[in-house]
> 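A single structure is presented below for examination.
This one's a predicted model, so the numbers in the text were calculated from it and none came from an experiment. So that the names make sense, note that chain A is the first sequence line, chain B the second, and so on, each numbered from 1.
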Protein chains: 2
Amino acid sequence: MKSYDVIILGGGPGGLAAGVALSQMGKSVCLVQESEAMAGGVCLNKGCMPTKALLKAAAVYRQARESQKYGLRIHPEAVNLKEVRQVVDGDLQKLRMAISSILAGIKADVLYGIASFISEHEIEIKKSDGTTETIHGEYIIIATGSSPRRLPFADFDGRYILSSDDMLLNTELPQRLLIVGGGAIGCEFATIYNSFGSEVTLVETESTLLPREEAAVGNRLRQCFEQQGITVKNGLSIGHLEISKGQVHVTYQGSVQKPEIFDKVLVAVGRTPNIEALKLDAAGVATDKGFIGVNTHLQTNVEHIYAVGDINGGLLLAHGASYEGSLAASNIVQGNIHDIDSTQVPRVVFCHPEVACVGVTKELPDVKVVAMEQVPNGRTIVDKVQPAFLKMYYLEDTGILIGASMIGESATEIIHELTLAVKKQLTINDIRQMVYAHPTHAKNVLAVATGSV
Amino acid sequence: MKSYDVIILGGGPGGLAAGVALSQMGKSVCLVQESEAMAGGVCLNKGCMPTKALLKAAAVYRQARESQKYGLRIHPEAVNLKEVRQVVDGDLQKLRMAISSILAGIKADVLYGIASFISEHEIEIKKSDGTTETIHGEYIIIATGSSPRRLPFADFDGRYILSSDDMLLNTELPQRLLIVGGGAIGCEFATIYNSFGSEVTLVETESTLLPREEAAVGNRLRQCFEQQGITVKNGLSIGHLEISKGQVHVTYQGSVQKPEIFDKVLVAVGRTPNIEALKLDAAGVATDKGFIGVNTHLQTNVEHIYAVGDINGGLLLAHGASYEGSLAASNIVQGNIHDIDSTQVPRVVFCHPEVACVGVTKELPDVKVVAMEQVPNGRTIVDKVQPAFLKMYYLEDTGILIGASMIGESATEIIHELTLAVKKQLTINDIRQMVYAHPTHAKNVLAVATGSV
């Protein structure tokens with residue numbers, strides 16, 4: 001049986017970051033992933049990257065549809081999702097090649113197949129040719145990620161009731177699309193299909209969109225979405241879904257109204273950890289509400305077994321997984337000296353307008369808030385986009401910045417200035433004394449910090 | 001004669017920032033500007049804002065032309081510059097109203113007309129109705145800005161030989177456009193007209209584009225421009241321009257070849273200070289190579305007279321002028337305790353791809369450089385854009401970041417993270433330990449800082 005310093009289960013951002021870090025620190029590593037086609041994990045194949053490719057096409061298409069407001073005459077043909085998907089496939093192929101060359105560069109062993117624990121230190125891999133191989137690891141990092149969660153009363157069928165995975169492969173543009181779930185995935189798909197010309201209805205059980213963020217963010221995003229023609233319903237859950245004559249009839253919980261009719265329903269109500277095949281019992285690894293529980297060093301209850309990324313139910317963000325992967329690697333090599341600090345991890349949604357938050361964004365005692373619901377900025381006028389939303393939180397006594405929420409153009413880029421400020425405990429006065437380039441969207445930060453325009 | 005604590009000459013970003021700051025600090029202020037139509041100065045009327053409006057339209061049009069690469073079929077009609085210009089005019093009108101409301105808010109006196117010194121403390125204003133008014137100021141801030149410089153041997157005619165002011169009003173799309181001058185203005189117009197479908201030739205006397213920045217920036221930008229079909233000629237000067245049969249025949253200095261033929265020529269060879277009408281002699285204010293010389297407090301040789309913005313020949317950036325205006329205001333009120341620090345001022349160009357630099361970007365002893373000519377980033381693949389260029393400079397002994405140059409998507413926004421780092425003397429390790437959101441362009445900073453992908 002081959003033996004390694006570290007076995008990593010899963011080749012997404014978490015597993016890959018751990019593998020690169022460990023191999024740079026001289027450890028022998030075996031990376032096990034489901035198949036070569038899933039190199040890069042959910043992020044590359046079914047998450048961040050294909051959605052970003054679709055969002056870019058959506059932005060180009062949306063602006064073409066709105067060409068008049070720029071003084072242009074541009075005529076877009078109806079979107080052919082098959083053609084868009086071909087381009088996206090080409091992109092993903094290039095990205096997979098990049099991952100392969102990273103893997104080749106670190107010289108880790110890579111095995112393809114389904115991994116299961118057979119003991120605390122042994123992993124059995126079932127390969128696609130039916131054979132199995134068992135390997136031994138002094139340490140094991142679980143980074144097998146997550147999959148779309150289904151509604152308890154409606155299975156995915158890939159045509160009428162779709163998961164985000166299905167939706168990425170979908171080639172029929174629905175006239176009426178229902179999106180169930182107003183989290184990051186639901187909001188990004190709302191932008192994609194609204195831009196492509198579908199009538200989009202977005203339903204979220206909680207009282208605001210993006211319910212992981214403060215309510216003001218969801219409320220402002222709802223306003224923006226509604227201005228774009230997206231129907232948003234908060235505080236509403238699906239009661240019943242019925243497929244009849246090629247349409248989905250949807251009844252909301254507690255509603256006595258006639259069912260609403262849609263051509264397709266995207267269910268984006270959360271993620272479920274990829275845990276079953278792992279046979280965690282064989283190693284005695286405990287779960288917590290279905291996810292694998294970890295301490296601040298990212299160790300599971302079995303101290304030589306770590307869990308990073310979606311599987312531990314924490315950040316559910318690709319870069320969160322990368323961060324955790326590197327951290328677990330360092331903890332393995334250096335003896336658990338690093339604690340995870342999720343306040344340093346920016347939280348981003350690439351819908352239109354973009355949403356980005358970092359740190360603590362709660363109104364607490366001894367915390368001051370500066371905010372503008374709609375920051376006046378001439379750049380939004382010439383760009384013909386909605387004014388940005390920005391809220392910053394700092395400690396009253398020291399002025400130290402502890403968090404920020406923003407919605408607007410390039411928010412997912414601009415958030416990094418504030419991420420650095422939060423990380424380095426810089427103050428609101430440091431921000432006020434900055435010189436911001438004109439005319440950028442980033443200068444909203446100055447406008448809100450100083451309360452002037 | 002009415003008397004003020006401070007008279008400000010010019011209502012562009014420099015004058016306006018000074019006026020707002022002084023009025024907030026309780027000073028009586030008179031702001032003198034040429035005309036109501038020029039509220040906001042060059043930036044709003046003939047600079048930053050109309051070019052950004054055109055650049056946005058250009059981006060929408062360019063992406064529509066390139067729709068196939070996103071799997072879309074979009075058909076743009078030929079650009080009608082008259083229609084684009086109407087939209088831009090509407091934008092500027094809104095922006096002028098915003099300026100008016102700022103001016104109303106600060107309750108400064110605003111006078112319209114041409115201002116001249118008649119003594120060290122007295123300003124005469126010639127109004128458009130032919131009357132004059134003389135006012136007295138304890139302090140005076142000169143912020144009258146700059147105008148396009150002409151070629152010594154060719155006047156602007158507004159049709160064949162155009163300044164950037166003319167170019168903003170131009171409604172004829174030239175088939176062949178020559179741009180003389182590869183600075184910020186020349187590069188932004190190259191993007192605008194190349195996107196709109198003109199054949200653009202960009203000629204710069206110096207050996208690289210954007211010659212105020214390090215050569216690597218200009219060289220990479222040239223590559224990007226050439227990939228977009230812009231013809232770039234460096235180290236070449238115009239020898240002779242001749243208009244014949246509705247075309248401009250251009251001969252380069254030292255060239256024995258046949259003249260090249262263009263439909264229009266944009267001359268963007270620098271700015272000349274708006275100094276003549278001021279009659280500086282009456283106050284004894286000295287000039288330095290045409291511009292008004294200032295010390296680090298922004299005082300001219302006459303200590304109660306300050307000069308901020310383009311007129312002092314320093315940064316030639318709108319936000320540089322705002323920064324200087326606020327600084328001069330503080331120095332007037334607090335007694336010259338603030339020194340200007342131009343290393344804190346980001347330098348941005350909104351061409352495609354965007355260019356942004358900050359701080360010291362020179363290879364010096366004891367300075368380490370990390371750089372990638374083309375940063376690998378999956379986001380550029382799904383966005384179908386050129387890979388970014390990024391170079392960062394830090395002190396070898398302490399790791400303190402002292403400057404950065406970047407070219408790529410959202411560079412003008414992303415630069416603010418590094419601007420904050422430079423200002424607060426953060427280190428390259430601080431950057432390396434940041435968590436960057438995936439998949440953003442901002443994460444190029446991490447890739448280059450760590451030397452990995």
> Does any heavy atom of chain B fall under 4.5 Å from the side chain of A/Val348, the backbone, both, or neither of them?
side chain

> What part of A/Ala98 is in contact with chain B, defined as an atom under 4.5 angstrom from a non-hydrogen atom: side chain, backbone, both or neither?
neither

> Let me know if A/Glu66 has heavy atoms under 4.5 Å from chain B in its side chain, its backbone, both or neither.
neither

> If you tally heavy-atom pairs under 4.5 Å against chain A, which of B/Lys424, B/Arg85, B/Gln344, B/Lys69 wins?
B/Lys424

> Just distance, no hydrogens or angles: give the donor-acceptor pairs under 3.5 Å from side chains in residues 47-55 of chain B, sequence neighbours left out.
{"residue": "B/Thr51", "atom": "OG1", "partner": "B/Gly47", "partner atom": "O", "Å": "2.7"}
{"residue": "B/Thr51", "atom": "OG1", "partner": "B/Cys48", "partner atom": "O", "Å": "2.9"}
{"residue": "B/Lys52", "atom": "NZ", "partner": "B/Cys48", "partner atom": "O", "Å": "3.4"}
{"residue": "B/Lys52", "atom": "NZ", "partner": "B/Glu188", "partner atom": "OE1", "Å": "2.8"}
{"residue": "B/Lys52", "atom": "NZ", "partner": "B/Glu188", "partner atom": "OE2", "Å": "3.4"}

> Check each atom of A/Gln86 against the heavy atoms of chain B and say whether the ones under 4.5 Å are side chain, backbone, both or neither.
neither

> Heavy-atom pairs under 4.5 Å with chain A: which of B/Gln24, B/Arg347, B/Lys384 has the most?
B/Lys384

> Assess whether a salt bridge exists between A/Lys423 and B/Asp430, defined as any Lys/Arg side-chain N lying under 4.0 Å from an Asp/Glu carboxylate O.
no

> Between atom CD1 of A/Ile381 and atom CE of B/Met97, what is the distance when rounded to the nearest 0.5 Å?
9.5 Å

> Quick one: OG1 on B/Thr380 to NZ on A/Lys94, what's the gap to the nearest 0.5 Å?
9.5 Å

> At a 4.5 Å cut-off on heavy atoms, which part of B/Leu426 comes close to chain A: side chain, backbone, both, or neither?
side chain

> Taking all heavy atoms of A/Gly378 and all of B/Leu95, pick out the closest pair and write down the distance.
CA-CD2, 3.4 Å

> Shorter than 4.5 Å, heavy atoms on both sides: which option in A/Lys82, A/Arg379, A/Glu409 has the most such pairs with chain B?
A/Arg379

> How many angstroms lie between OH in A/Tyr323 and CE in B/Met434, if you round to the nearest 0.5 Å?
12.0 Å

> Is it the side chain or the backbone of A/Leu44 that comes within 4.5 Å of chain B heavy atoms, both, or neither?
neither

> Answer with side chain, backbone, both or neither: which region of A/Ser410 has an atom nearer than 4.5 Å to a non-hydrogen atom of chain B?
side chain

> If you define the side chain from C-beta out and look only at heavy atoms, does anything of B/Tyr61 sit under 4.5 Å from A/Ser67?
no

> With a cut-off of 6.0 Å (strictly less than), are more than 12 heavy atoms of other residues, nucleotides or ligands near CZ of A/Arg73?
no

> For the residue pair A/His438 and B/Ala318, what are the closest heavy atoms and their distance?
CD2-CB, 3.7 Å

> Does any backbone or side-chain atom of B/Val79 lie under 4.5 Å from a heavy atom of chain A? Answer side chain, backbone, both or neither.
side chain

> So which of B/Leu92, B/Val345, B/Asp383 has the largest heavy-atom pair count under 4.5 angstrom toward chain A?
B/Asp383

> In terms of heavy-atom proximity below 4.5 Å to chain B, should A/Ala59 be classed as side chain, backbone, both, or neither?
neither

> Which distance, rounded to the nearest 0.5 Å, do you find between the OH of B/Tyr436 and the CG of A/Leu420?
6.5 Å

> So which of A/Glu417, A/Lys443, A/Glu413 actually passes side chain to side chain contact (heavy atoms under 4.5 Å, CB included) with B/His416?
A/Glu417

> Looking at chain A, which one of B/Thr440, B/Val84, B/Leu317, B/Val445 has the largest number of heavy-atom pairs inside 4.5 Å, strictly under?
B/Thr440

> Could you tell me the separation between the CD1 atom of A/Ile74 and the CZ atom of B/Arg65, rounded to the nearest 0.5 Å?
10.5 Å

> For residues 67-104 of chain A, which residue pairs pass the ring-ring contact (aromatic ring centres under 6.0 Å, His included) check, not counting sequence neighbours?
none

